[in-house]
Trainee: 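Can you read through this structure? Questions will come right after.
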2 protein chains.
Amino acid sequence: MYLRHYWRRRAALRVTVDTVIFTLRERGLHVLLVRRSGEPFKGSWALPGGFVRSSESPSDAAERALGVEAGVRGVYLEQLYTFGEPKRDPRGRVLTVAYYALVSVDQALATGSHAAAASWFPVDALPQLAFDHRMIADYALERLRNKLEYTTVGFQLLPAKFTLGQLQSVYETILGRAVDKRNFRRKIELLGILTPLEERGGERGRPAQLYRFSARRFEKLKDKGILFPF
Amino acid sequence: MYLRHYWRRRAALRVTVDTVIFTLRERGLHVLLVRRSGEPFKGSWALPGGFVRSSESPSDAAERALGVEAGVRGVYLEQLYTFGEPKRDPRGRVLTVAYYALVSVDQALATGSHAAAASWFPVDALPQLAFDHRMIADYALERLRNKLEYTTVGFQLLPAKFTLGQLQSVYETILGRAVDKRNFRRKIELLGILTPLEERGGERGRPAQLYRFSARRFEKLKDKGILFPF
DNA sequence: ACAAAAGTGTTAGAATTACACCCATGG
DNA sequence: CCATGGGTGTAATTCTAACACTTTTGT
C-alpha cells in the first residue's frame with residue numbers, strides 16, 4: 001500500500017505537443033504535415049510536434065517544434081485540446097497537448113522551402129495520418145470555423161496589408177459559403193477595426209484600397225462584448 | 001549527444017487534473033474547494049484533483065477525483081485548458097489538465113456532506129488558492145459564461161424537472177443581469193427543446209408548469225447551426 | 001473593347017427589445 | 001388579504017439579407 005501510494009505520486013507520463021498549422025492557398029484551406037522519420041508510423045504523414053522538455057511550457061514546445069519542423073516563427077498559436085486516451089500512442093503512455101496555428105500567405109512561402117519532409121495538404125483531402133492526428137486535425141478545423149465567426153483570427157491568415165476582397169475571401173473559404181460583398185463591407189466598416197493605408201494594391205482588375213488590422217480598437221470592442229457578426 | 005537525445009525522448013512529466021465544480025445555491029454561483037492535507041500549500045484551499053494514473057485518461061482521472069474528493073458522480077464534465085508553466089508547482093514539473101464540472105442543486109447536496117474538508121464558496125468571494133488555481137477558476141468562470149450563451153450547459157445546473165422560472169434564474173445568476181420574462185419564455189418556446197410534464201411544482205406562489213429538457217431536439221438544432229440566443 | 005475586381009444604397013422581412021397587468025396558491 | 005412567483009401580447013426599433021450597376025485598371 002505504501003509502495004503503491006509512492007508510485008502513484010511519482011506516476012510520470014510523457015507529454016508531446018502537436019500543432020495543426022493552417023494556411024490559405026489557391027485551392028482553399030491547407031494543413032502542413034510532415035513525414036515521420038522514426039517508428040512508430042515511420043513514413044506516415046503526421047502533425048508537426050514533439051516531446052515537451054522539462055524546462056519548457058507546452059506552448060514553448062509547440063513554438064520550438066514549429067520552428068524546427070516547419071520553419072515558421074512568430075505565428076498565431078492557440079491551445080486546442082489535450083488528448084490522453086491511454087492507447088493513443090503505441091510507444092506507451094503519451095499525452096498530447098494539441099495546438100493550432102495560423103500562418104499568412106507570405107509566412108507560408110518560407111515554410112514550404114524549409115523542410116523537404118513537410119508538405120501542405122487541402123483540409124478536405126488529408127492523407128492517412130499517424131496516431132489520432134486525424135481526429136486532432138478535424139477538431140482544429142471545427143474550432144477554426146467557430147472562432148472565425150466571433151473573433152478576428154481570420155486576420156492572421158492575411159499579410160499585414162490586405163484588401164477587403166482578400167479579407168472577404170478568407171471568410172468565404174473557411175466558412176465554405178459565399179457572403180454578400182456589400183453587407184460584408186458594411187459590417188467591417190461598422191466595427192471600425194481596419195485602418196486604411198495611403199496605398200492601393202491587388203493583382204488583377206481595379207486596384208483596391210489597402211488596409212491594416214487595428215488590434216487596439218478590437219480590444220475595446222471585445223471588452224464591450226461586441227463580437228464578429230459573421 | 002546520444003545521451004541527451006535519449007534523455008529527451010524519455011522526458012517524463014507528472015500530470016494532474018484539477019476540476020472547477022460549479023453549482024447554484026441561494027446566493028448565486030458557487031465553486032467547490034478542498035483543503036489540502038499535504039505539502040505544498042498544506043491547509044490551503046485548492047481545486048479538487050489529483051495525479052493522472054498511467055492506465056487512465058485525464059477525463060477518467062477527473063471523474064475519479066470528483067468521486068473521491070467531492071463525492072459526486074455522473075456530472076457534466078468538460079475539459080478547459082492545460083496549464084503547464086514550468087514553475088507552476090513547487091514540487092517540480094507538474095502539468096495540469098483543467099476541467100470544469102456542473103452539478104445540479106440535488107447533486108450538490110450529496111457533495112456537501114461527503115467530505116468534511118470540502119466546502120462551497122461563492123465565485124465572487126473565493127479564498128486564496130494553492131498553485132495557480134485562482135487563474136484556473138477565473139478561466140472556468142469566463143468559459144461557463146460564454147458557453148451559456150450558445151449551448152445548453154445551463155440545464156446541467158437544474159434537476160431533471162424544473163420550472164421556467166428556475167431556468168430563467170440560472171441564466172440571470174450566471175450572466176449577472178436580469179432578463180425579460182416574456183422575451184425569455186418566448187425564445188425558449190421557439191427553440192422547442194423543452195417538453196412540458198403532466199405535473200406542476202414550485203415552492204412559493206402559484207404552482208408552475210414543470211418541464212424536462214429534450215436533448216434529442218437540441219441536437220437537431222445544433223446541426224442546423226441554430227444556437228442559444230441569450 | 002473586354003476581362004477582372006472594386007466600389008457603392010435601398011428596401012423588405014426578421015429578430016430583438018421594452019413594457020404592465022391578472023392569476024393561482026400558501027400562510 | 002397579502003405575499004410570492006406564474007403566466008400572457010403588442011408595438012417600436014434594430015438587425016439582417018437580398019439585390020445590380022458603374023468605376024478603374026491591365027491586356
Side-chain angles (χ1 to χ4, degrees), chain A residues 24 26-28 105 148-150 158-159 161-173 175-212 221 224-230, chain B residues 24-28 105 148-150 158-159 161-173 175-213 221 224-230:
Chain A
L24 284 173
E26 322 73 47
R27 294 197 184 291
V105 187
L148 194 72
E149 303 200 26
Y150 65 93
L158 289 173
K161 302 172 180 181
F162 53 86
T163 69
L164 290 178
Q166 292 174 312
L167 181 60
Q168 182 176 346
S169 111
V170 168
Y171 278 83
E172 291 184 329
T173 304
L175 297 178
R177 59 181 158 89
V179 314
D180 182 89
K181 182 164 54 159
R182 280 171 291 190
N183 294 339
F184 182 84
R185 284 167 186 238
R186 186 179 13 230
K187 285 179 196 165
I188 292 284
E189 161 97 41
L190 214 66
L191 288 173
I193 53 175
L194 294 192
T195 307
L197 304 174
E198 302 289 322
E199 224 175 322
R200 306 191 150 259
E203 301 183 2
R204 279 187 297 281
R206 173 175 168 181
Q209 177 70 55
L210 285 173
Y211 293 86
R212 64 177 173 78
L221 290 177
K224 289 188 207 157
I226 300 167
L227 297 172
F228 250 57
F230 301 108
Chain B
L24 284 172
R25 326 190 90 201
E26 321 72 48
R27 292 195 185 292
V105 187
L148 194 71
E149 304 200 25
Y150 63 93
L158 289 174
K161 303 172 180 181
F162 53 85
T163 69
L164 290 178
Q166 290 175 310
L167 181 59
Q168 181 175 348
S169 114
V170 168
Y171 279 83
E172 290 184 329
T173 304
L175 297 177
R177 60 182 156 88
V179 314
D180 182 88
K181 182 166 52 161
R182 279 172 292 189
N183 294 339
F184 182 84
R185 285 167 185 238
R186 183 170 9 187
K187 284 181 198 164
I188 293 283
E189 162 96 40
L190 214 66
L191 288 172
I193 54 175
L194 294 191
T195 308
L197 304 173
E198 302 289 324
E199 225 176 322
R200 304 190 152 260
E203 300 183 2
R204 278 186 296 282
R206 173 176 168 179
Q209 177 69 54
L210 286 173
Y211 294 85
R212 63 178 174 76
F213 173 55
L221 290 177
K224 291 189 209 159
I226 300 168
L227 296 172
F228 249 56
F230 301 107

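A note on names: the letters A, B, ... follow the listed sequences, proteins ahead of strands, and every chain is numbered from 1.
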Trainee: Test of understanding: with side-chain contact (heavy atoms from CB on, under 4.5 Å), list the residues that count as partners of A:S169, not counting sequence neighbours.
Mentor: A:T173
Trainee: A:L167 has an atom CG; how far is it from atom P of C:dA5, in whole Å?
Mentor: 17 Å
Trainee: Please state whether the phosphate of C:dA15, meaning OP1 or OP2, lies under 4.0 angstrom from any side-chain nitrogen or oxygen of B:K187.
Mentor: no
Trainee: Residues two or more places apart in sequence or in another chain: which of them pass side-chain hydrogen bond (donor to acceptor under 3.5 Å, both in side chains) with B:R186?
Mentor: B:N183
Trainee: Can you check each nucleotide of nucleotides 18-27 of chain C against protein heavy atoms at under 4.0 Å and return B for base, S for sugar-phosphate only, - for none, in 5' to 3' order?
Mentor: BBB--BBB--
Trainee: Show me the side-chain donor-acceptor pairs of residues 204-211 of chain B shorter than 3.5 Å, one per line, residues at least two apart or across chains.
Mentor:
residue	atom	partner	partner atom	Å
B:Q209	NE2	B:L197	O	2.6

Trainee: How long is the line joining CD of B:Q168 and P of D:dT4, in whole Å?
Mentor: 18 Å
Trainee: Round to the nearest Å and state the distance from A:E189 atom CD to C:dA6 atom P.
Mentor: 16 Å
Trainee: To the nearest Å, give me how far apart CZ (B:F184) and P (D:dG6) are.
Mentor: 11 Å
Trainee: Whole Å only: how far is the CG atom of A:L190 from the C1' atom of C:dG9?
Mentor: 15 Å
Trainee: For the pair made of CD in B:Q209 and C1' in D:dG5, what is the distance, rounded to whole Å?
Mentor: 15 Å
Trainee: Any salt bridge (charged side-chain N to carboxylate O under 4.0 Å, His left out) pairs touching residues 161-173 of chain A, not counting sequence neighbours?
Mentor: A:K161-A:E199
Trainee: Roughly, in whole Å, what's the span from CZ in A:F162 to P in C:dA6?
Mentor: 13 Å
Trainee: Listed by chain and number, what are the side-chain contact (heavy atoms from CB on, under 4.5 Å) partners of A:R185, not counting sequence neighbours?
Mentor: A:L164, A:K181
Trainee: Quick one: closest heavy-atom pair of A:V179 and A:Q168, and the distance?
Mentor: O-NE2, 2.9 Å
Trainee: With a 4.0 Å cut-off on heavy atoms, is A:G165 in touch with a base, just the backbone sugar-phosphate, or nothing at all?
Mentor: sugar-phosphate
Trainee: Rounded to the nearest Å, what distance is computed from the CZ atom of residue A:R177 to the P atom of nucleotide D:dT16?
Mentor: 13 Å
